[in-house]
Amino acid sequence: MSQARCFSVKLSFVVTKPSSDAGQSLGRIQSRSREKASEAEPFQSHLSNSLRPPQAVSIDALAGWIEFDYSPREFGGEQKNVSRKHLNRIVLAVVLAIAGGLVVAGLSADNPAAQVAASAAEADDRPAYGDMIVRGSIGDASVLLPVLASDSGSFDITGMIYNGLVKYDKDINLVGDLAERWEISDDKLTIRFHLRKDVKFQDGHPFTARDVEYTYQIYVDPKTPTAYATPFLKVKEFRVLDDYTAEVTYDKPYAPALGSWGAGMLPRHLLEGTDITQSPLKRNPIGTGPFRFKEWVTGEKIVLDSYDEYFDGRPYISRVLTRIIPDLATMFLELKAGRIDQMGLTPLQFTRQTETKWFRENFNKYKYLSFSYTYLGYNLKDWKFQDKQVRQALTTAINRDSIVQGVLLGLGVVAQTPYNPDTFWYNPNVKKYPYDPEKAKQMLAEAGWKDTDGDGILDKDGKPFAFTIVTNQGNDLRKNAATIIQRDLGKVGIRVSIRVMEWAALIKNFLDKRNFEACVLGWGIGIDPDQTDIWNSEKTAQHQLNFISYSNKEVDDLLELGVSTYDRNERKKYYDRFQEIIAEDQPYTFLWVADALQIVSARIHGIKPAPAGLAYNFDKWYVPKPLQKYHVEQ
């Protein structure tokens, strides 16, 4: 049922100098309607150009001639579809009546515009094609082929260009993507995928089971430098039954099997017979996804356009511009200037700097516990960190609660294991290391680290306990956490230096080459609990993810057992024990699990927060026609 609405209207305008060819020039007019009955956000209308109307004109004529830029908000209740011209007439009538005390013809009780005046702010909110969303990212991509990518900047882009056979829905359930359905054998060893028949790559070439086969072959090829071969190496046999049916068989049950086929499918017709590491698709990708590649200016921007032939329907947003801005403070200034629509906020930005009327009217904020954690990782090839008692002492010497409160402003929790504490897989009973600097000193002394020369720095075998923490540029949370770690470890006699560098350089010159002592970084936490790629002792080669060189035979066995059973409760037993060992060994000092703090322009509609976060339905986000800001020509 429709609801009556009462609005107060605040109007301000500036009349510029008359132009030389008109007797009158209307300047910028801003109209803001505030709904009195609720705290819903207002709509705005802007008459932004210097206009030259004729000397005498009716409201009907003038309303059709003037182009207002409306910014409606959702007010609740039933929405009325009000034509743009009628809204023009309403706002213009109020403006002229107040400005000049005019009696204006054309706005009467039996006029359709008058009948909807009380709800004029409830402008058309229907999905519409067009506009551009500008996103901020602190890190550039390194490669735009998903099989080669290993960083968040790359996956953020490839996730919009490529599809897998399956994907996770808003409730974190596996559903079909390129596969319309599948069957799993009773013994859990075989999956038969039935592919959609209406999918084309972005160059027009049909997608078939041969592309799935090629993607599988690339992942298992030992010459492919990928960090994600493990699930595909579990496959005993891959068979193409016909153009749209593929079957995979495993030699024993593999719990993450179905989810592993969410990997982006590659175009066989463009890659087969080539060296994938030299392929032009590394920088000019072609996938099946909702957005197609347009431009990449290294260190500056990546531009994607909507793919009109996308099998699940053309995305409403016509263009996605990802701007690379390594500094979050600079990115925030761009947000305030209206040159960015979406970014992740720092805790200070979220709790204080965006708590203004302007931000509340122009943006929406979202907060939820993230699927990620931040850690201080130790290079276990470095002699200083090879004793687990030393690593336990380091964790004991760091005030992690202080970091969560001081750096995150309480928007997060102290991490204890590689799992989000809100998930089923988390083990709350692992060994913990509360802040205790005196105990840390004692533990270090027992491990042979003492200040033998009185210079305030611990030493062993004549060598001081000093090391450098590396972290990435643009993430002040990590940099500030490193500063607190530096202070806390200094109190127990350890000298710490901090080196901050650009993301791509950090990966290429330090992590991939194992050329570091310690690092403050983070991992995204997958939906499936398998942690093989990060913790398995065979995953320590260049470009692989166990770059701290952790090795524990029992952990290897537990991770293998964890993926070999489908029984959820049985799997949890293995992962509980895995977490106990990691907590005992302390190859990382687990720092925090932060709240995700997102801000998105209020003109962007269709965002539906869910357990999967925000971006799961990104291709369904839209900007209503009256709110569209950019004209995009593809």
Side-chain angles (χ1 to χ4, degrees), residues 133 135 137 140-168 175-180 193 195-219 224 226-228 232 243-244 246 259-296 301-322 615-621 634:
I133 181 169
R135 311 180 314 152
S137 174
D140 200 356
S142 58
V143 60
L144 296 182
L145 273 172
V147 64
L148 302 179
S150 60
D151 59 280
S152 59
S154 298
F155 277 117
D156 180 50
I157 301 298
T158 60
M160 293 184 280
I161 297 173
Y162 296 90
N163 297 91
L165 301 187
V166 298
K167 65 180 179 179
Y168 286 99
V175 296
D177 200 2
L178 295 177
E180 59 184 7
F193 291 102
L195 308 182
R196 297 180 63 122
K197 299 178 181 179
D198 57 349
V199 180
K200 293 182 180 180
F201 284 98
Q202 292 153 357
D203 63 352
H205 196 279
F207 165 77
T208 73
R210 293 295 177 187
D211 298 296
V212 184
E213 179 185 43
Y214 172 77
T215 301
Y216 158 72
Q217 292 170 342
I218 281 293
Y219 272 97
T224 303
T226 181
Y228 303 102
F232 301 98
D243 282 350
Y244 297 100
S260 70
W261 292 97
M265 294 293 114
L266 304 174
R268 171 177 173 258
H269 66 288
L270 297 175
L271 290 168
E272 189 173 40
T274 70
D275 178 356
I276 196 168
T277 65
Q278 302 301 317
S279 171
L281 270 66
K282 289 174 62 178
R283 290 193 63 91
N284 295 275
I286 294 176
T288 59
F291 293 92
R292 56 186 177 84
F293 176 80
K294 180 176 177 63
E295 182 184 15
W296 181 4
K301 65 181 179 180
I302 298 176
V303 184
L304 307 180
D305 281 347
S306 61
Y307 176 36
D308 291 354
E309 302 301 318
Y310 183 50
F311 64 86
D312 198 31
R314 171 189 166 190
Y316 290 112
I317 300 292
S318 293
R319 179 165 293 170
V320 180
L321 167 60
T322 301
Y616 69 92
N617 72 332
F618 184 75
D619 58 312
K620 304 302 180 187
W621 293 9
Q634 298 186 8

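Please read all numbers here as calculations on a predicted model, not as lab measurements. FYI, side chains are in, hydrogens and waters are out, and symmetry mates aren't considered; it's all heavy atoms of this structure.
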Trainee: Quick one: closest heavy-atom pair of Y316 and K620, and the distance?
Mentor: CD1-O, 3.7 Å
Trainee: For Y310, check ring pair (Phe, Tyr, Trp, His ring centres under 6.0 Å) against everything at least two apart and list the hits.
Mentor: none
Trainee: At what distance, to the nearest 0.5 angstrom, does CZ of F293 lie from CG of L281?
Mentor: 10.0 Å
Trainee: Got a sec, which pairs hit ring-ring contact (aromatic ring centres under 6.0 Å, His included) with one end in residues 148-167, sequence neighbours left out?
Mentor: F155-Y228
Trainee: How would you list all residue pairs meeting salt bridge (Lys or Arg N to Asp or Glu O under 4.0 Å) that involve residues 141-165, not counting sequence neighbours?
Mentor: R135-D156
Trainee: What are the two closest non-hydrogen atoms of L145 and L271, and how far apart are they?
Mentor: CD2-CD1, 4.4 Å
Trainee: Is it true that a side-chain atom of T158 and a backbone atom of P146 form a donor plus acceptor pair closer than 3.5 Å?
Mentor: no
Trainee: Are T224 and Y219 packed together at the side-chain level, in the sense that at least one heavy-atom pair is separated by less than 4.5 angstrom?
Mentor: no
Trainee: Under 4.5 Å between any side-chain heavy atoms of N163 and F311, yes or no?
Mentor: yes
Trainee: Looking only at heavy atoms, what is the nearest atom pair of W621 and A615, with distance?
Mentor: CZ2-CA, 4.5 Å
Trainee: If I take atom CD from residue E309 and atom CG from residue D203, how far apart are they, to the nearest 0.5 angstrom?
Mentor: 12.5 Å
Trainee: For Y216, enumerate each residue passing the side-chain contact (heavy atoms from CB on, under 4.5 Å) test, keeping only those at least two apart in sequence or located in another chain.
Mentor: V220, F232, V235, F238, W261
Trainee: Which heavy-atom pair separates L195 from V212 by the least distance, and what is that distance?
Mentor: CD1-CG2, 4.0 Å
Trainee: Heavy atoms only: give me the nearest G264-T215 pair and the separation to one decimal.
Mentor: O-CG2, 3.7 Å
Trainee: In chain order, what residues pass the side chain to side chain donor-acceptor pair (under 3.5 Å) check against D140, with sequence neighbours excluded?
Mentor: W296
Trainee: Drop me the distance from L148's CG to I218's CD1, to the nearest 0.5 angstrom.
Mentor: 8.5 Å
Trainee: Distance from L165 atom CG to L178 atom CG, nearest 0.5 Å?
Mentor: 6.0 Å
Trainee: Can you check whether G289's main-chain N or O pairs, donor with acceptor, with Q202's side chain at less than 3.5 Å?
Mentor: yes
Trainee: For D211, which residues count as a side chain to side chain donor-acceptor pair (under 3.5 Å) partner, sequence neighbours excluded?
Mentor: none
Trainee: Apply side chain to side chain donor-acceptor pair (under 3.5 Å) to D312 and list each qualifying residue two or more places apart in sequence or on a separate chain.
Mentor: none
Trainee: Tell me, please, which residues at least two apart from T277 pass side chain to side chain donor-acceptor pair (under 3.5 Å).
Mentor: D275
Trainee: Among residues two or more places apart or on two chains, list those pairs meeting ring-ring contact (aromatic ring centres under 6.0 Å, His included) that have a residue in residues 265-292.
Mentor: F201-H269, H205-H269, F291-F618
Trainee: If the condition is side-chain contact (heavy atoms from CB on, under 4.5 Å), which residues does S152 pass it with, not counting sequence neighbours?
Mentor: none
Trainee: Could you walk me through whether F207 and M265 pass the side-chain contact (heavy atoms from CB on, under 4.5 Å) test, one step at a time?
Mentor: CA-CA 9 Å; F207 165 77; M265 294 293 114; 3.9 Å; yes
Trainee: State which residues pass side-chain contact (heavy atoms from CB on, under 4.5 Å) with V303; sequence neighbours excluded, sorted by chain then number.
Mentor: K294, E295, K301, D305, R319, L321
Trainee: Would a distance-only check, ignoring hydrogens and angles, find a side-chain to backbone donor-acceptor pair under 3.5 Å from S154 to V143?
Mentor: yes
Trainee: Atom CG of L144 and atom NZ of K282: how far apart are they, to the nearest 0.5 Å?
Mentor: 10.5 Å
Trainee: Holding to side-chain contact (heavy atoms from CB on, under 4.5 Å), I want the full list of residues that pass it with R314, two or more places apart in sequence or in another chain.
Mentor: Y129, S306, D308, S318
Trainee: With a 4.5 Å heavy-atom cut-off, do I276 and V147 have their side chains touching?
Mentor: yes
Trainee: If you apply the rule side-chain contact (heavy atoms from CB on, under 4.5 Å), what do you find for R292 with I161, and how did you get there?
Mentor: CA-CA 6 Å; R292 56 186 177 84; I161 297 173; over 6 Å; no
Trainee: Mind listing the closest non-hydrogen atom pair of R196 and D177 along with its distance?
Mentor: CD-O, 3.2 Å
